Amino acid sequence: MIEMTTSDIHPDDLRKKLFDPGAGAYCGFEGWIRNENEGHEVRRLEYEAYEPLARSEGEAILAEARERFPHLQAHCVHRTGMLEIGECAVWVGVSAPHRDEAFLACRYIIDQLKVRLPIWKKEYYADGHSGWVNCERCAKSA
Amino acid sequence: MIEMTTSDIHPDDLRKKLFDPGAGAYCGFEGWIRNENEGHEVRRLEYEAYEPLARSEGEAILAEARERFPHLQAHCVHRTGMLEIGECAVWVGVSAPHRDEAFLACRYIIDQLKVRLPIWKKEYYADGHSGWVNCERCAKSA
Amino acid sequence: MKTVTVRYFAMFREHAGVDEETLSIDVETAADVFRATRERHGSAEPSGHCKVAINDVMADWDSPVGDGDTVLLFPPVAGG
Amino acid sequence: MKTVTVRYFAMFREHAGVDEETLSIDVETAADVFRATRERHGSAEPSGHCKVAINDVMADWDSPVGDGDTVLLFPPVAGG
């Protein structure tokens with residue numbers, strides 16, 4: 001399942017949902033807000049999502065992962081709104097019988113989420129400017 | 001740093017040690033006790049370690065990971081003693097600027113830990129028998 | 001002419017200055033809608049890395065747009 | 001003859017019936033110690049997947065063993 005939230009993400013509570021007596025491996029990924037992007041000092045990040053399609057596309061990605069890797073349990077949470085340095089913007093957790101599929105499935109899910117979910121982030125820089133990430137051409141045309 | 005412990009592992013507290021304002025990605029791996037191995041129903045697992053060498057070999061593996069992936073923060077904990085189904089036997093956590101190196105470093109560390117640390121596990125089966133994992137030939141010669 | 005509601009997101013919204021607007025335009029496909037709004041708001045953004053949905057379902061640029069449809073214009077995404 | 005202390009782990013300990021023992025044996029290398037203990041305890045375990053340490057440092061099977069050394073015999077490992 002995918003959740004969209006404006007609150008803190010708590011990985012420890014979330015990973016418990018993935019417990020399965022047949023699971024020997026758990027892999028978790030978190031995207032944290034970092035203080036730098038492409039040479040710019042970043043102060044905070046604002047996430048905007050179009051939730052109806054973020055949810056349906058997220059569920060589609062999780063279903064694809066479960067199809068590729070049998071016996072997988074997978075869950076993810078994405079935050080929206082304003083986030084500070086060090087906060088968790090996205091969490092992906094998977095449990096599987098063995099570690100190979102746990103790593104591969106977790107990686108598949110986060111890679112797909114990043115390019116397919118209708119989510120945008122705006123960086124607020126130390127110099128007072130701001131900019132939409134991945135949107136250099138948009139910015140030029142503004 | 002690598003820790004050896006006979007107590008519960010708490011990933012949420014541990015991952016906080018890896019916080020770094022320059023880290024945009026966190027990858028965590030956990031090995032859980034599963035209820036089956038090679039067709040045998042497993043009830044619990046007993047881990048034995050030779051701690052002096054498990055620590056020094058673990059530190060060597062973490063140092064190798066840091067050398068391969070700059071700006072990496074990495075930490076791991078391995079349990080010893082008797083563990084029940086679903087308990088966490090080993091935790092590896094890494095934070096890094098980007099997700100590619102976070103996944104690769106985490107995978108490198110767990111793969112190396114599994115084959116290099118002087119740690120052994122004995123499975124206790126539902127049928128009352130027990131056996132050392134990875135030690136079929138030893139068992140035959142006993 | 002068709003009545004089409006266009007919704008803008010992120011950079012596109014800031015650029016258009018509105019969340020959504022309803023237009024009477026002569027269009028066949030999602031690409032036509034994109035071009036019309038680009039001209040309307042003076043943008044030169046190519047559609048290459050952008051995405052489009054029609055009535056809350058992901059679509060292609062050559063998907064047909066009907067009278068009364070809502071077209072969602074997504075600038076390049078950057079989740080996580 | 002050298003005085004060598006041998007420590008056994010996991011399956012090797014169960015098999016030998018002791019944690020460690022001190023032997024007076026005619027050995028040059030870690031492999032010689034492994035063979036001597038194998039004969040002593042009637043095992044046919046090959047050294048291929050096993051590991052050895054001398055005085056708490058990982059060693060090779062052809063590493064030399066000196067008088068008073070402690071040799072640690074590790075069956076195949078299975079951490080995690």
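Source: prediction; values computed, not measured. Numbers restart at 1 for each chain; the letters A, B, ... are given by sequence-line order, proteins then strands.
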Do the rings of A/Phe103 and B/Phe103 sit parallel, tilted or perpendicular, given the 30° and 60° boundaries? perpendicular
Closest approach of [X] to [Y] (non-hydrogen atoms, all atoms of both residues):
X: A/Trp32; Y: B/Asp20; value: CZ3-N, 4.4 Å
X: B/Glu87; Y: B/Glu84; value: OE1-N, 2.7 Å
X: B/Phe19; Y: A/Gly86; value: CE1-CA, 3.0 Å
X: A/Ala74; Y: A/Arg66; value: O-NH2, 3.4 Å

Report which part of A/His10 has an atom under 4.5 Å of a heavy atom belonging to chain B: side chain, backbone, both, or neither. neither
Heavy-atom proximity to chain B below 4.5 Å, by part of A/Asn37: neither
Look at the side chain of B/Arg34 and the backbone N and O of A/Gly22, then say whether any donor-acceptor pair between them is shorter than 3.5 Å. yes
Greatest number of heavy atom pairs closer than 4.5 Å to chain B - which of A/Ala102, A/Gly31, A/Cys88, A/Ala23: A/Ala23
Partner chain B: residue of A/Ser95, A/Gly93, A/Gly24 with the largest heavy-atom pair count (under 4.5 Å): A/Gly24
Quick one: do B/His75 and B/Glu3 satisfy side chain to side chain contact (heavy atoms under 4.5 Å, CB included)? Show the steps, please. CA-CA 8 Å; B/His75 191 71; B/Glu3 286 175 56; 3.0 Å; yes
Residues 109-129 of chain A vs chain B, non-hydrogen distance cutoff under 4.5 Å, contacting residues -> A/Ile110, A/Asp111, A/Lys114
